There are 2 protein chains.
Amino acid sequence: MSAENWLQQLQDNGYRITAARRAVVFTVFGSVHALTPAQVYEIARKKYRALGLVTVYRTLEKLEEQHLIQRVHQPAGCQAFISSGMGHQHLLLCEQCGKVAFFEGDDLDALTTAIAQKTGYQIHEHWLQLFGLCSSCK
Amino acid sequence: MSAENWLQQLQDNGYRITAARRAVVFTVFGSVHALTPAQVYEIARKKYRALGLVTVYRTLEKLEEQHLIQRVHQPAGCQAFISSGMGHQHLLLCEQCGKVAFFEGDDLDALTTAIAQKTGYQIHEHWLQLFGLCSSCK
DNA sequence: TATACTATTGAAAATGATTTTCAATAAAGG
DNA sequence: CCTTTATTGAAAATCATTTTCAATAGTATA
Ligand SMILES: [Mn+2]
Ligand SMILES: [Mn+2]
Ligand SMILES: [Zn+2]
Ligand SMILES: [Zn+2]
């Protein structure tokens with residue numbers, strides 16, 4: 001998956017490729033940190049000066065709708081986005097610098113079955129997120 | 001733990017017990033659903049008419065600071081609060097009616113050790129949340 | 001390549017949630 | 001009681017996000 005692929009996917013779904021969208025897509029695609037709309041705006045404007053913040057919001061909305069990015073929930077706030085990993089993955093966040101890593105291989109089947117049993121809920125989904133310090137920050 | 005205990009804990013920490021706070025505390029304490037400030041306001045006003053929305057925000061802030069309540073993150077939004085369980089617990093949320101259940105007994109030690117190994121992160125904390133349908137809704 | 005159609009744009013205004021300001025009130029301790 | 005000072009609600013301010021709108025630019029088609 002490349003930034004060009006993201007643009008292609010947008011086009012395949014009836015959206016147009018524009019200079020503003022290129023700037024946003026390349027900004028978000030290339031970041032190892034979760035970025036807020038305001039941060040995306042600030043960075044993407046270096047690539048495309050005329051960019052408006054409104055367009056950042058609108059483009060992030062479309063990227064999220066295409067599951068190319070996802071919202072990151074943190075103690076400090078829940079407005080930031082990061083490019084989605086592929087398949088079933090979860091996030092590991094550096095509490096210091098905000099760097100994001102993906103991981104997989106969590107096996108919660110036994111747990112969810114037991115909880116379903118105990119509570120009477122039918123469980124559909126789980127959110128799992130780890131917090132810590134990345135190798136540079138620790 | 002009772003609502004009176006919450007008020008006591010606030011007082012022990014230098015805060016005063018007022019009619020407005022009683023209304024908010026009893027509202028949040030007695031709810032099996034996560035409530036937004038606006039919802040708390042609506043319900044608590046039945047107990048204390050003169051209540052202001054600002055005071056709801058200010059009281060929730062103090063309850064969260066005392067770890068008596070916690071913010072609930074959901075796909076629909078992250079403004080709601082629920083009374084905290086005791087000890088290390090996680091949430092199970094009904095996607096239909098919003099009912100909240102707590103569970104414990106998740107064992108992520110093996111996973112976090114493996115991920116720490118693989119990524120080089122030092123892992124401090126985890127967020128885990130289950131979503132599904134409660135026994136009434138399924 | 002030129003043209004037509006219409007999605008997309010940024011600015012400005014509107015909205016919605018939360019926070020700050022402030023003078024009046026009421027809780028708590030003596 | 002009295003005094004002190006935290007707390008209150010209303011109003012204003014702030015901040016993030018959304019809507020409106022007329023101008024512009026992408027894309028399909030000829
Ligand atoms: Mn998983
Ligand atoms: Mn746990
Ligand atoms: Zn770091
Ligand atoms: Zn339910």
Side-chain angles (χ1 to χ4, degrees), chain A residues 4 6-28 34-66 69-81, chain B residues 4 6-28 34-66 69-81:
Chain A
E4 290 295 347
W6 286 19
L7 290 167
Q8 190 56 52
Q9 177 166 340
L10 287 178
Q11 192 165 50
D12 293 346
N13 284 84
Y15 298 119
R16 294 178 179 175
I17 298 178
T18 67
R21 285 183 181 157
R22 291 197 92 83
V24 172
V25 161
F26 273 83
T27 298
V28 179
L35 300 175
T36 62
Q39 290 172 319
V40 171
Y41 177 61
E42 193 185 355
I43 299 170
R45 229 149 64 94
K46 291 176 186 152
K47 304 176 209 287
Y48 179 64
R49 214 59 220 184
L51 181 66
L53 178 58
V54 209
T55 299
V56 173
Y57 276 95
R58 291 191 277 226
T59 304
L60 291 175
E61 186 179 58
K62 285 166 184 61
L63 291 174
E64 189 182 24
E65 160 200 315
Q66 297 291 320
I69 64 174
Q70 63 187 230
R71 185 177 295 271
V72 177
H73 298 261
Q74 286 183 271
C78 308
Q79 316 83 353
F81 293 86
Chain B
E4 290 295 346
W6 285 19
L7 289 166
Q8 190 55 52
Q9 176 166 340
L10 287 178
Q11 192 164 50
D12 293 347
N13 285 81
Y15 298 119
R16 293 178 180 175
I17 297 177
T18 67
R21 284 182 181 159
R22 291 197 93 84
V24 171
V25 162
F26 274 82
T27 297
V28 179
L35 299 175
T36 62
Q39 290 173 320
V40 172
Y41 177 63
E42 192 185 357
I43 299 170
R45 228 150 64 94
K46 291 176 184 150
K47 305 176 208 287
Y48 180 63
R49 263 288 151 193
L51 180 66
L53 178 57
V54 207
T55 299
V56 173
Y57 276 95
R58 292 191 276 225
T59 305
L60 291 175
E61 185 179 58
K62 285 165 184 62
L63 291 174
E64 189 182 25
E65 160 200 316
Q66 296 292 319
I69 64 174
Q70 62 187 234
R71 188 178 293 271
V72 177
H73 299 260
Q74 287 182 270
C78 308
Q79 316 81 2
F81 292 88

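None of these values were measured; they are calculated from a predicted model. Scope of the values below: all heavy atoms of this structure, side chains included, with no hydrogens, waters or symmetry mates.
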Could you list the protein-to-nucleotides 1-5 of chain D atom pairs, N/O on both sides, closer than 3.5 Å?
unit_1	atom_1	unit_2	atom_2	d
D:dT5	O2	B:R16	NH1	3.3
D:dT5	O2	B:R16	NH2	3.3

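Between the P atom of D:dT8 and the CG atom of B:L53 lies a distance of 13 Å, rounded to the nearest Å. One interatomic measurement links the two molecules: OH of B:Y57 to P of C:dA17, which rounds to 7 Å at whole-angstrom precision. Regarding B:L7, its CG atom lies at a distance of 19 Å from the P atom of D:dA6, rounded to whole Å. Atom CG in B:L10 sits about 15 Å away from atom C1' in C:dA28, given to the nearest Å. Taking atom CD on A:E64 and atom P on D:dT18, their separation rounds to 10 Å, with Å as the unit. Atom pair B:Y41:OH and D:dT8:P shows a separation of 14 Å (rounding to whole Å applied). In this structure, OH of A:Y15 is placed 12 Å from C1' of C:dT8, rounded to the nearest angstrom.
Counting any heavy atom pair closer than 4.0 Å across all strands shown, B:A38 reaches no nucleic acid atom. Across all strands, A:Y48 comes closer than 4.0 Å only to sugar-phosphate atoms, never to a base (heavy-atom distances). Counting any heavy atom pair closer than 4.0 Å across all strands shown, A:A19 reaches no nucleic acid atom.
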Show the atom names and distances, to 0.1 Å, of all donor-acceptor pairs under 3.5 Å that link a side chain in residues 70-81 of chain B to residues at least two apart or in another chain.
unit_1	atom_1	unit_2	atom_2	d
B:Q70	NE2	B:S84	OG	3.3
B:R71	NH1	B:C78	O	2.9

Let me check something: any side-chain donor-acceptor pairs from residues 10-22 of chain A under 3.5 Å, sequence neighbours excluded? List them with distances.
unit_1	atom_1	unit_2	atom_2	d
A:D12	OD1	A:Q8	NE2	3.0
A:Y15	OH	A:E65	OE1	3.4
A:Y15	OH	A:E65	OE2	2.8
A:T18	OG1	A:R21	N	3.1
A:R21	NH1	A:R16	O	2.8
A:R22	NH2	A:E4	OE1	3.1
A:R22	NH2	A:E4	OE2	2.6

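For B:E42, the CD atom counts as loosely surrounded, since its 6.0 Å shell holds 12 or fewer non-hydrogen atoms of other residues, nucleotides or ligands.
Residue B:Q11 places at least one side-chain N or O under 4.0 Å from the OP1 or OP2 atom of C:dA28. Contact between the side-chain N/O atoms of A:T18 and the OP1/OP2 oxygens of C:dA7 is not found at any separation under 4.0 Å. For C:dA7, the OP1/OP2 oxygens have no side-chain nitrogen or oxygen of A:R58 closer than 4.0 Å.
Taking CG of B:L35 as the start and CD1 of B:I43 as the end, the distance is 5.0 Å to the nearest 0.5 Å. The distance from the OG1 atom of B:T59 to the NZ atom of B:K62 is 6.5 Å, given to the nearest 0.5 Å.
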| task | Check step by step if side-chain contact (heavy atoms from CB on, under 4.5 Å) holds for A:F26 and A:L7. | result | CA-CA 9 Å; A:F26 273 83; A:L7 290 167; 3.9 Å; yes

